[in-house]
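First comes the structure, then the notes that go with it.
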Amino acid sequence: MRDLAAGVRYLGRGQRWVLGHGRWFGFGLLPALVTFVLYAAALAALAFWADDVAAWATPFADGWDETWRSILRGLFAVLLWLGALLLSVLTFTAVTLLVGDPFYEKLSEQVEESEGDCPEGLDRPLWLELWASLCDSLYVLWRALLFAVPLFFLGFVPVIGQTVVPALGFCVSGFFLTLELVSVAMQRRGIPVRERLAILRTRRALALGFGVPLVLAFLVPLVAVVLMPGAVAGAALLVRDLMDAGTGGDGDVAAGEVQGGAAADPRVNPAAGTRPPGGSSQ
């Protein structure tokens with residue numbers, strides 16, 4: 001429960017940081033707004049054509065009684081749109097970070113500098129940074145779909161599909177949303193995406209506490225746009241303290257809370273003497 005609450009606190013700290021630095025808040029809004037408009041148009045188009053897609057996908061029901069055929073295709077259309085909404089939540093952050101890579105990199109750096117220091121990062125051209133971000137996002141999306149696709153089909157199971165499956169869907173989305181957001185600060189430290197995933201797996205509750213409230217908030221139109229700058233800022237604070245957990249942090253991720261977690265991983269334990277390339281030190 002401590003990690004769960006800590007994740008929520010990091011999200012709140014990030015929002016407070018950007019609200020206290022209005023220029024950076026506005027700086028981070030533009031990429032999210034552009035991405036939101038594109039996603040909203042795509043979801044609206046899918047809602048308009050959902051019935052036709054359902055009819056095309058269920059030809060076996062053409063000979064059914066009209067009532068049962070309508071129920072099946074109506075359920076399919078609803079689940080299709082909800083699946084698309086889940087996919088949009090999973091990919092919105094990745095696309096926004098890709099579109100606004102220079103914006104959010106500067107925002108993340110500014111957050112860390114305000115806390116004392118900031119890793120220099122890797123010296124790579126912009127096109128290579130964008131390519132690396134795209135490859136990382138595709139990897140994250142692939143891993144997320146390994147959970148999302150089975151959950152989509154489980155949604156057809158009575159009772160479970162309307163109770164357990166949505167809850168699991170929010171948890172999956174929250175975890176991978178956190179993975180996407182921490183990528184800005186972790187990529188600056190030279191941590192590959194597979195290692196980021198391994199690190200967050202040791203702190204699942206922390207990742208869920210940060211990501212699940214965002215997923216729920218992102219379901220409200222335009223909220224994703226408003227919260228995106230603060231989400232990037234909060235992720236930078238989370239990564240900073242997670243990497244420095246063995247030296248104290250700020251109390252949210254204290255050394256006493258990481259036993260068996262991130263501090264047990266030599267990649268993120270300063271005491272092990274194998275800090276990630278470019279990792280910060282205090």
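In what follows, residues are counted from 1 in the order of the sequence shown.
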Can you confirm whether E66 is buried at CD, in the sense that more than 12 heavy atoms of other residues, nucleotides or ligands lie under 6.0 Å from that atom?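 No, because the 6.0 Å sphere around CD of E66 holds 12 heavy atoms or fewer from other groups.
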*What do you reckon, is CD1 of I160 surrounded by more than 12 foreign heavy atoms closer than 6.0 Å?*
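Result for CD1/I160: open.
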Hey, could you give me the [atom1]/[atom2] distance between [X] and [Y], rounded to the nearest 0.5 Å?
X: L168; Y: L154; atom1: CG; atom2: CG; answer: 8.5 Å
X: L82; Y: L75; atom1: CG; atom2: CG; answer: 9.5 Å
X: R23; Y: Q110; atom1: CZ; atom2: CD; answer: 7.0 Å
X: L238; Y: R9; atom1: CG; atom2: CZ; answer: 11.0 Å
X: L97; Y: M228; atom1: CG; atom2: CE; answer: 4.0 Å
X: L242; Y: Y10; atom1: CG; atom2: OH; answer: 7.5 Å

Sub-4.5 Å side-chain heavy-atom contact between [X] and [Y]:
X: F210; Y: V182; value: no
X: R203; Y: T178; value: no
X: V226; Y: F36; value: no
X: V232; Y: L181; value: yes
X: F25; Y: L29; value: yes
X: F175; Y: F147; value: no
X: V95; Y: L38; value: no

Could you see if [X] belongs to whatever hydrophobic cluster contains [Y]? Use Ile, Leu, Val, Met, Phe, Trp, Tyr and a side-chain cutoff under 4.5 Å.
X: L80; Y: F153; result: yes
X: V172; Y: L146; result: yes
X: V8; Y: F176; result: no
X: L216; Y: Y39; result: yes
X: V164; Y: V157; result: yes

Provide the closest heavy-atom pair for [X] versus [Y] in the form atom of the first, atom of the second, distance.
X: V165; Y: L151; result: CG1-O, 3.3 Å
X: P213; Y: L11; result: CB-CD2, 3.9 Å
X: V18; Y: A233; result: CG1-CB, 3.9 Å
X: A84; Y: L46; result: CB-CD2, 3.2 Å
X: M243; Y: I199; result: CE-CD1, 4.2 Å

Donor-acceptor pair, side chain of [X] and main chain of [Y], under 3.5 angstrom:
X: R73; Y: T58; result: yes
X: R204; Y: R201; result: yes
X: S173; Y: F170; result: no
X: W81; Y: L43; result: yes
X: S108; Y: E105; result: no
X: T96; Y: T35; result: no

Taking ILVMFWY side chains as joined if any heavy atoms are under 4.5 angstrom apart, and letting links pass through other members, which residues group with W68?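 Direct or chained contacts put W68 with F60, W64, I71, L72.
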query: For D241 and E115, what are the C-alpha separation, side-chain angles and deciding distance, and is it a side-chain contact (heavy atoms from CB on, under 4.5 Å)?
result: CA-CA 10 Å; D241 291 341; E115 293 293 305; 5.9 Å; no
- Query: Using the ring of each side chain (for Trp, its six-membered ring), is F218 parallel, tilted or perpendicular to F92, with breaks at 30° and 60°?
  - Reply: perpendicular
request  = Fit a plane to each ring of Y139 and W142, take the angle between them on a 0 to 90° scale, and name the class: parallel (under 30°), tilted (30 to 60°) or perpendicular (over 60°).
outcome  = tilted
Pairs satisfying ring-ring contact (aromatic ring centres under 6.0 Å, His included), at least one member in residues 98-117, at least two apart: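 Every pair satisfying ring-ring contact (aromatic ring centres under 6.0 Å, His included) with a residue in residues 98-117: F27-F103.
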The single option from R196, Q187, R188, M186 that satisfies side-chain contact (heavy atoms from CB on, under 4.5 Å) with V239 is M186
